[in-house]
Amino acid sequence: GYVTAGEEIVAHGELITSEIFQVLQSYKAEYNRSIGYSASRWQLWLGNAMFALLLCLLIFLAILYCSPDLFDNPVRLLYFLFVVGITMTAALLVGKQRTAHLFLVPFTLFCLYLLPYFKKSLIALTYCITLLVLPLFVSGGWEVYMVELIAGMVTIYAFGLISRSWHQFIMAVCVFASMLLMYLTFRLLEGTLDSFSTDHLVFLLVGAFLAVAGYPLIYLMERLFGLVSPAQI
């Protein structure tokens with residue numbers, strides 16, 4: 001929306017409608033982008049660079065702790081880092097446009113693309129670290145982080161139960177249910193369900209099923225990196 005300087009957004013005691021709530025959310029996002037940070041730009045870039053380096057260090061330690069033999073296989077390591085990099089890039093690019101659109105991103109594909117080749121402990125730990133770009137670099141990213149975190153954990157658990165292709169749709173339903181539950185939890189923590197958005201509900205549903213639609217691309221990944229999953233042996 002458009003708000004002029006000095007215009008009253010909401011009066012004391014006035015009921016906050018969905019339109020007013022949207023204006024307040026937009027104002028908060030704009031504040032965080034501009035007014036909220038008063039230091040010089042080089043300090044901002046230096047801080048972001050340090051965060052990025054720390055995330056890389058955490059991923060290195062996760063591999064070293066969970067699967068140190070991965071460093072002896074450059075192809076598998078490259079594939080692992082490729083999936084990590086794609087996930088982080090998608091989070092940053094979409095998050096800069098609109099935070100709510102992050103619900104459309106099938107972050108659980110991170111788990112699905114790695115589960116046939118790597119240990120679950122490594123995938124779960126790295127997934128938690130990779131998604132840290134959301135609360136660190138995206139305004140309002142903590143909610144998306146928690147929603148996608150529970151979705152990833154459900155995916156990792158449910159993957160071992162898949163024996164037929166149509167089971168993937170059941171997994172998508174379970175993932176959507178877990179995401180919706182976490183989303184409703186945040187609405188209750190706000191003290192009201194008035195901020196519940198049907199658009200967000202649709203985004204969550206689409207994001208959950210996009211993971212199923214995108215999973216067959218794993219066969220393209222196998223050809224590109226020369227990997228062999230247990231299903232092909």
Side-chain angles (χ1 to χ4, degrees), residues 18 21-22 25 28-29 55 83-116 118 120-162 164-218:
S18 58
F21 179 78
Q22 181 62 44
Q25 290 291 93
K28 176 184 177 182
L55 288 179
V83 176
V84 171
I86 288 294
T87 304
M88 287 185 172
T89 302
L92 292 174
L93 292 179
V94 177
K96 293 299 181 182
Q97 303 303 317
R98 185 185 173 192
T99 304
H101 287 165
L102 286 168
F103 291 131
L104 287 170
V105 181
F107 287 108
T108 52
L109 276 177
F110 174 94
C111 304
L112 292 175
Y113 284 163
L114 296 181
L115 279 166
F118 304 97
K120 288 185 176 181
S121 57
L122 174 62
I123 297 171
L125 182 56
T126 311
Y127 183 71
C128 296
I129 297 171
T130 301
L131 289 187
L132 280 176
V133 298
L134 293 172
L136 290 177
F137 299 106
V138 178
S139 176
W142 272 114
E143 179 178 341
V144 183
Y145 177 82
M146 293 304 301
V147 170
E148 297 298 340
L149 182 63
I150 189 67
M153 296 303 107
V154 171
T155 299
I156 292 173
Y157 173 78
F159 184 82
L161 305 178
I162 296 176
R164 294 181 175 86
S165 59
W166 61 270
H167 285 177
Q168 295 177 15
F169 292 94
I170 298 178
M171 182 180 69
V173 172
C174 295
V175 169
F176 169 70
S178 64
M179 295 169 72
L180 179 60
L181 181 62
M182 182 59 70
Y183 177 79
L184 289 174
T185 300
F186 273 91
R187 302 289 74 77
L188 291 174
L189 289 174
E190 291 177 350
T192 177
L193 291 177
D194 293 340
S195 58
F196 182 88
S197 172
T198 54
D199 289 344
H200 292 178
L201 179 64
V202 174
F203 291 167
L204 290 172
L205 181 63
V206 173
F209 280 88
L210 276 179
V212 174
Y215 181 66
L217 290 176
I218 193 173

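In what follows, every heavy atom counts, from backbone to side chain, and hydrogens, waters and symmetry copies are set aside. All residue numbers in this chain count up from 1 along the given sequence.
Leu131 and Tyr145 get closest at one heavy-atom pair: O-CD1, 3.1 Å. Of all the heavy atoms in Leu134 and Ala91, the pair that sits closest is CD2-CB, 3.7 Å. Closest non-hydrogen pair, Tyr183 versus His200, comes out as OH-ND1, 2.9 Å. In this structure, Thr87 and Phe107 approach most closely via the heavy-atom pair CG2-CD2, 3.7 Å. Annotation for Tyr113 and Gly214: closest pair OH-O, 2.6 Å, computed over non-hydrogen atoms. Heavy atoms only, all atoms of each residue included: Gly85 and Thr89 are closest at O-OG1, 2.8 Å.
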Please tabulate, for side-chain N and O atoms in residues 170-180, each donor-acceptor pair with protein atoms closer than 3.5 Å (sequence neighbours left out).
residue: Ser178; atom: OG; partner: Cys174; partner atom: O; Å: 3.4
residue: Ser178; atom: OG; partner: Val175; partner atom: O; Å: 2.7

Let me check something: any side-chain donor-acceptor pairs from residues 147-159 under 3.5 Å, sequence neighbours excluded? List them with distances.
residue: Thr155; atom: OG1; partner: Ala151; partner atom: O; Å: 2.8

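The ring pair (Phe, Tyr, Trp, His ring centres under 6.0 Å) check on Phe118 picks up Phe80, with sequence neighbours excluded. With sequence neighbours left out, Phe110 forms a ring pair (Phe, Tyr, Trp, His ring centres under 6.0 Å) with Tyr127. Here Phe203 pairs with His101 under the ring pair (Phe, Tyr, Trp, His ring centres under 6.0 Å) rule; sequence neighbours left out.
A donor-acceptor contact shorter than 3.5 Å is absent between the side chain of Tyr215 and the backbone of Leu210.
The shortest side-chain heavy-atom distance between Val138 and Val133 does not fall under the 4.5 Å cut-off.
Among pairs with a residue in residues 172-181, none fulfils salt bridge (charged side-chain N to carboxylate O under 4.0 Å, His left out), at least two apart in sequence or across chains.
Interatomic distance, CG of Leu102 versus CG of Leu93, reported as 10.5 Å (0.5 Å rounding). Atom CG of Leu122 sits about 7.0 Å away from atom CG of Leu125, to the nearest 0.5 Å.
Checked options Leu112, Leu109, Leu114, Thr130; the residue passing with Val83 is Leu114 (criterion: side-chain contact (heavy atoms from CB on, under 4.5 Å)).
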Go through the steps for Phe137 and Met88 under the test side-chain contact (heavy atoms from CB on, under 4.5 Å), then give the verdict.
-> CA-CA 10 Å; Phe137 299 106; Met88 287 185 172; over 6 Å; no
